[in-house]
Amino acid sequence: MHVAIFADIEGSFGIWRMRQCRTGTSEWQYGRECLTEDVNHVIQGAFEGGATKVTVKDTHDTGFNCLTQKLDSRANYVGGHFVRPTLFGESKDYDLILYVAIHAGAGTQNAFFPHTHYGIFSDFKINDHRVCEMDIYAAALGELGLPVGFFSGEDIAVQQAQNCLPWAKSVVVDKRKEAYVSGEKSLRYLAEGRDNLRKTASEAVRNIDGMKPLIVQGPLHFETEFRNEKLAKKFNTWNFKQTGARVEWDAQNMTEGFEKLNKLTFFPKRIYPFRGPITMMMRKYFGIKSRYFAPQPNSEDAVLAVGPEVCLFGG
Ligand SMILES: [Zn+2]
């Protein structure tokens, strides 16, 4: 059984502020340590649950956040973004997907770094319902026959994901600074939290028969609100229907709607034909940069629970 772990970063244990998710900063370098720890526990859980092969798909920002030299070496690692299927790349071999460190959708009040797909949108609806990333990603993966069976993140993010994936197992992660800067107490919280990641991931894999590909019936109407009109104009090179900061489009299914979303977000019309070689070059560039030119980590006041477990995995 081939289990894929899709990793975002905002919902990691240890992370409490936005800068820890921002590529290239020393706080992000600390955030990468946190994420790698979380992912290692999920890898361990996947194998305990019966996976015979595990692939980690890194997804946040440029797609190079996990510290590969500290990642459980039993797992394959795939960094960066792809064009077929859109964004995810080769996925047909997976039997189950586990999502680590997710965040709440755009427009969510009192949430940690809420956004849907990319920070340019302040609100995001499909068929008049506000969505989180799971509504889109799990449904796009669902049309490929792939079920999502696990996610971790802050409570509101987990609630939103549960609405569309009621069969999935989940772990709630504290986003308050106090959880991570309180010495012994924080170390205990991290150890328990990550042990929970391991156990819950294992349970999800063991229960694979109860996991379903998410199918959202079309036709679908996408309605996005950009942060401002200028931004909407800049990104909408595709002549999607635009009213002020609002950009809308229709699709027969999620595969088509998601491709249009990626066109709008990442590929201006004139460079779209070259997206294959461009994403390949970006994977190479950011792969090297994030590995060999990373800053020193700044954990600020946080306890660093990178202990013996990591060494066990050959880190
Ligand atoms: Zn992210």
Side-chain angles (χ1 to χ4, degrees), residues 4-39 42 56-68 71 77-82 86-89 97-108 110-124 130-141 148 150-161 164-165 170-175 197 224 227 235 258 261-262 264-266 279 282-283 286-287 289-290 294 297:
I5 299 170
F6 281 39
D8 206 335
I9 196 169
E10 291 86 351
S12 292
F13 280 102
I15 284 180
W16 73 84
R17 73 187 190 105
M18 217 164 135
R19 202 167 161 77
Q20 294 162 336
C21 309
R22 190 164 296 145
T23 308
T25 66
S26 54
E27 293 81 5
W28 167 69
Q29 193 65 18
Y30 157 79
R32 299 176 77 185
E33 305 252 7
C34 298
L35 175 66
T36 306
E37 274 292 285
D38 280 19
V39 170
V42 175
V56 174
K57 176 83 185 65
D58 204 325
T59 68
H60 174 77
D61 197 28
T62 63
F64 291 94
N65 301 277
C66 291
L67 298 167
T68 48
L71 207 61
Y77 175 78
V78 181
H81 304 305
F82 298 81
T86 193
L87 201 68
F88 302 130
I97 293 170
L98 314 178
Y99 250 98
V100 178
I102 65 168
H103 51 81
T108 308
N110 305 317
F112 178 76
F113 206 174
H115 62 280
T116 301
H117 199 52
Y118 205 48
I120 51 179
F121 306 114
S122 60
D123 203 3
F124 201 128
R130 179 175 286 167
V131 295
C132 66
E133 287 180 357
M134 283 308 107
D135 289 282
I136 302 171
Y137 302 166
L141 293 162
V148 171
F150 169 98
F151 39 83
S152 62
E154 71 168 325
D155 48 5
I156 182 70
V158 162
Q159 278 169 35
Q160 291 176 347
C164 58
L165 302 165
S170 57
V171 173
V172 170
V173 179
D174 202 332
K175 293 286 100 189
L197 287 176
T224 58
R227 296 206 174 274
F235 278 83
F258 188 35
L261 170 60
N262 285 325
L264 178 68
T265 314
F266 301 120
T279 48
M282 286 178 73
R283 284 198 301 276
F286 288 114
K289 189 170 180 213
S290 64

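As the structure lists them, so they are numbered: ligands from 1, and atoms in each ligand from 1.
- Exactly one of Ser12, Ser152, Cys66 qualifies for a side-chain contact (heavy atoms from CB on, under 4.5 Å) with Val100. That residue is Ser152.
- For the atom pair CG (Leu35) and NE2 (His60), the distance works out to 9.0 Å, reported to the nearest 0.5 Å.
- For the residue pair Asp58 and Tyr77, a side-chain donor N or O sits within less than 3.5 Å of a side-chain acceptor on the partner.
- For Arg283 and Phe82, the positive end sits near the middle of the six-membered ring, less than 6.0 Å away and at most 45° from its axis.
- With rounding to the nearest 0.5 Å, the separation of CZ in Phe124 from CZ in Arg130 is 12.5 Å.
- Within a radius of less than 2.8 Å around the Zn ion (ligand 1), the protein N, O or S atoms are Asp8 OD1, Glu10 OE1, Glu10 OE2, His60 ND1.
- Taking the six-membered ring for Trp and the full ring otherwise, the centers of His117 and Phe258 sit less than 6.0 Å from each other.
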